[in-house]
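All heavy atoms count here, side chains included; hydrogens, waters and symmetry mates do not.
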Amino acid sequence: MQIWNSTRRTQRQPPGSSTPPQQHNPSQQPPLPQRAPILQRAPLQPPTSGLSNTSRSSLASAPSSTSAPPEKETQVPSKQSETRVDPLATLGNILDSDSSYIKARGPEPKSPSGNSTANQDQPDISILIGKIDSDLLSKQLESQDIFLFNDKSDAQLHKNEFGEDDQVKKDIAAEYEQQIERFKDLHVSIQKCDSVLASVEDYLSLFEKDLGMLSSEIETLQNRSIFLNRRLENRKEVEARLAALIDDIFIPPMIIRKIIYGEINSQWISLIQILSTRLKRMELFKAEAKKISQSIALIDEISPILFKLAEKAVERIRDFFAAKIKNLRAVNTNAQIIQYSVCLKFRQLYAFLAYVNRQLAEEISYGYINTMKWYYANNFSRYVKALEKLKIRSIDRSSLIGAESVSKLLPSARPQYTSSHRDPLTLGRRVNVIFSTDSSVMMENSAEQSSDVLWMETGFRSFNLALMDNVCAEYLFIVDFFTFKSSEQQAQLFHEIFKPTFQLGEEYVRRLLDISHMDAFGILLCIRIIQLLEFELQRRKVPVMEGYCHNLNMILWPRFQHIMNAHSDNLRKLSGKSPTESGSSALGRSATSAFSGLSSMLSSSHVSSVLPHPVTQKFATFLSGILELCPEDMESEPVTVSVVRLRTEFEAFLTKFSSKITSSTSTGNMHADAQKNARLREQFLYNNYVVVYTVISDSEGVLAEQEKKHFKNLTEAYGSAAQ
């Protein structure tokens with residue numbers, strides 16, 4: 001095939017071209033004489049990329065188409081030295097190598113539209129080769145060797161030039177004419193083969209173009225792969241940096257469904273805590289982004305979703321607490337059970353509500369305030385009505401020192417009680433009300449059904465102990481539940497709830513004072529109960545009841561001073577009476593037999609008895625009760641001033657009363673009688689002061705020590721004189 005192509009190029013050499021003659025090489029095919037061209041097609045230039053190295057070297061060694069025809073040689077080479085090349089075999093080798101390349105290459109890549117990258121109009125090689133009449137071409141090439149015939153013709157012509165016979169020319173011409181049809185068929189076959197080679201050339205050109213495109217695509221894919229690797233590395237770096245952020249703001253879908261549709265229980269509280277943590281993290285990230293004046297797409301995308309979920313949770317929490325507050329208005333409902341078993345259990349929900357929507361939390365707190373205000377006012381008003389049904393002992397001015405004793409009962413009159421434990425000037429066991437360790441209070445049903453006659457401090461203690469327990473429970477609940485409020489706001493919320501109840505308690509104390517308005521022991525016991533309540537409130541760390549206790553003290557202390565002043569005024573009035581009037585009235589009020597013998601002595605204008613006056617016994621008993629209720633240093637209290645004034649009036653009464661004491665017998669010596677009367681008076685004073693000192697000797701406290709010291713000095717002073 002290479003020699004065939006070389007011959008074609010030689011035949012197509014244009015006339016007049018001058019090419020230097022080539023040197024004869026015995027090892028190669030001798031050049032053929034120039035003939036008329038049988039093929040009119042341009043020489044085939046297959047792409048070097050699709051040919052083997054052998055083909056490339058053959059093409060490189062082939063003479064150029066522009067070279068001049070070789071000169072005739074004088075000697076004809078022998079047939080044995082000729083190299084015979086089979087064109088069919090050469091064409092088969094080319095086609096086989098191309099088909100093997102096609103098989104190794106695989107199917108052609110298709111364009112995005114689904115068609116092959118090659119031209120759709122390009123015929124398939126196998127189809128083109130099939131169109132060739134391969135049998136005819138094979139027979140013609142086998143029957144006649146073209147190159148041998150040409151060599152033969154050239155040899156005959158060479159002989160003719162040297163004078164051979166013309167018969168040879170005729171033989172050659174006849175033989176040529178006989179073979180002309182065969183040559184025509186061969187020419188047609190060669191043209192068909194040439195068209196096939198042209199198609200192969202076009203296919204190889206397209207194949208080269210496809211290889212170029214494939215190479216560019218591979219390069220593009222390589223660049224794309226590098227770009228994707230870089231993006232992957234950047235994404236991994238960004239993911240590592242955003243992992244903490246994503247974990248802090250991401251909420252799984254399962255948690256979202258439970259928050260929206262799940263039952264409100266302890267597990268639901270943990271879900272709300274997760275949501276609260278995510279919202280707080282979101283606020284921190286927003287604050288950091290605001291500082292650097294940049295916007296983070298992840299936060300901007302997730303933030304609205306989180307807040308919508310928070311709004312849905314707030315809606316459910318609002319309905320939950322609204323239902324619980326409504327339950328507090330039910331009849332015979334124990335508020336502490338709902339507060340501590342339900343509300344405090346879910347206090348994290350209310351804290352979340354206050355964090356997300358403070359206004360809605362305030363509205364719920366207002367609803368709670370109004371409900372609990374009604375709850376405590378309603379329940380304590382019923383309790384006060386039950387306590388008012390108790391039969392409280394009435395103490396009026398008739399129970400003053402030196403006055404006639406008259407007792408009254410409310411609501412109905414009762415007989416007078418003359419026993420010591422019923423004496424309004426004797427403390428007795430009444431002090432147990434403040435020293436008792438029993439913290440129970442009188443129940444409402446017991447108060448309504450009780451028929452006992454009680455002192456005023458009994459109802460006072462029951463009411464205020466019940467009030468203190470509810471105050472402590474409510475205040476501690478407010479502190480634990482309304483955590484988003486400050487301590488001042490919590491105290492204000494508490495006072496809004498208990499303001500009507502405190503007013504109810506103050507009114508109840510005033511009604512007790514109206515019933516027993518001259519009971520000094522009862523009032524002082526109520527004052528000591530208030531002080532004990534204050535100590536207990538301090539121990540429980542509940543500082544919100546101080547105002548109420550202060551108001552009660554402002555009610556009770558003035559009334560106590562008024563009673564003490566009434567006792568002092570009554571003693572002053574006794575000292576202004578005559579000895580007969582004061583003695584007879586005192587004996588009439590005495591309940592003991594120790595003073596029964598004084599009635600005969602008080603019938604005259606002079607008193608000769610030095611026995612203690614009945615008023616002294618009442619004064620000593622009353623003073624002992626007052627001192628017993630003042631165990632601590634109470635110098636700042638009004639009770640100290642009142643006791644000193646009462647004691648001064650008592651001493652003035654005894655001094656004035658003793659001035660009327662004279663001896664029943666007279667010696668006729670005025671000086672001796674005067675000394676005797678003086679000794680009697682001192683003996684009288686000594687006996688009275690001894691009684692007072694003896695009665696108060698068991699009292700304890702600063703005020704009691706002062707009074708004991710004072711009366712001891714008086715006893716010692718009059719005792720030495722009386723001896």
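One N or O on the side chain of N223 and one on the backbone of E219 form a donor-acceptor pair closer than 3.5 Å. Checked by atom type and distance alone, the side chain of S215 never pairs as donor or acceptor with a backbone atom of G212 at under 3.5 Å. Using modelled atom types, one side-chain atom of S205 and one backbone atom of E201 make a donor-acceptor pair closer than 3.5 Å.
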Please report, to 0.1 Å, the donor-acceptor pairs under 3.5 Å made by any side chain of residues 304-321, with sequence neighbours excluded.
unit_1, atom_1, unit_2, atom_2, d
R316, NH1, I259, O, 3.1
R316, NH1, I260, O, 3.3
R316, NH1, G262, O, 2.6
R316, NH2, G262, O, 2.7

Which pairs of donor and acceptor atoms, one on a side chain in residues 272-283, lie under 3.5 Å apart (sequence neighbours left out)?
unit_1, atom_1, unit_2, atom_2, d
T277, OG1, Q273, O, 2.9
R278, NE, D248, O, 3.3
R278, NE, F250, O, 2.9

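Atom CD1 in I338 sits 12.5 Å away from atom CG in L344 (nearest 0.5 Å). Here the straight-line distance linking atom OG of S365 with atom CG of L360 works out to 10.0 Å at 0.5 Å rounding. One finds the CD atom of Q339 at 10.5 Å from the CD1 atom of I337 (value rounded to the nearest 0.5 Å). Rounding to the nearest 0.5 Å gives a distance of 12.5 Å between OG of S216 and CD of Q222. Here I369 contributes atom CD1 and I497 contributes atom CD1; the two are 5.5 Å apart, rounded to the nearest 0.5 Å. One finds the NZ atom of K169 at 9.0 Å from the CD1 atom of I172 (value rounded to the nearest 0.5 Å).
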Candidate pair R358 and F484, rule side-chain contact (heavy atoms from CB on, under 4.5 Å), full reasoning
CA-CA 9 Å; R358 179 62 65 87; F484 69 95; 3.6 Å; yes
Full working for side-chain contact (heavy atoms from CB on, under 4.5 Å) between W374 and N370:
CA-CA 6 Å; W374 170 86; N370 294 329; over 6 Å; no
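Between Y350 and F482, the ring-plane angle classifies as perpendicular under the 30° and 60° cut-offs.
In this view, T371 satisfies the side-chain hydrogen bond (donor to acceptor under 3.5 Å, both in side chains) rule with no residue, not counting sequence neighbours. Every residue meeting the side chain to side chain contact (heavy atoms under 4.5 Å, CB included) condition with R235, not counting sequence neighbours, appears here in chain and number order: R231. When the side chain to side chain contact (heavy atoms under 4.5 Å, CB included) test is applied to Q359, the partners found at least two apart in sequence or on another chain are N357, E363. Scanning for side chain to side chain contact (heavy atoms under 4.5 Å, CB included) contacts around L232 gives K236, with sequence neighbours left out. Y340 pairs by the ring-ring contact (aromatic ring centres under 6.0 Å, His included) definition with nothing, not counting sequence neighbours. S270 is linked by a side chain to side chain contact (heavy atoms under 4.5 Å, CB included) to Q267, counting only residues two or more places apart in sequence or in another chain. Remark: E239 engages no residue in a side-chain hydrogen bond (donor to acceptor under 3.5 Å, both in side chains) (not counting sequence neighbours). Scanning for side-chain hydrogen bond (donor to acceptor under 3.5 Å, both in side chains) contacts around D171 gives Q167, with sequence neighbours left out.
If you look at F494 and F477, their ring centroids are not closer than 6.0 Å.
In this structure the side chain of R182 never reaches within 4.5 angstrom of the side chain of L186, judged on heavy atoms. Taking 4.5 Å as the limit, some side-chain heavy atom of I264 sits within range of a side-chain heavy atom of L349. Looking at heavy atoms from C-beta onward, V356 lies in side-chain contact with F352 at the 4.5 angstrom threshold. The closest side-chain heavy-atom distance from M372 to Y368 is below 4.5 Å.
Sorted by first and then second residue, the pairs that involve residues 473-493 and meet salt bridge (charged side-chain N to carboxylate O under 4.0 Å, His left out), not counting sequence neighbours, are E362-K485. Applying the side-chain hydrogen bond (donor to acceptor under 3.5 Å, both in side chains) test to every pair with at least one member in residues 324-335, sequence neighbours left out, gives no pairs at all.
Considering all non-hydrogen atoms of both residues, I255 and L271 come closest at CG2-CD2, 3.9 Å. Closest heavy-atom contact between A354 and A361: CA-CB, 3.7 Å.
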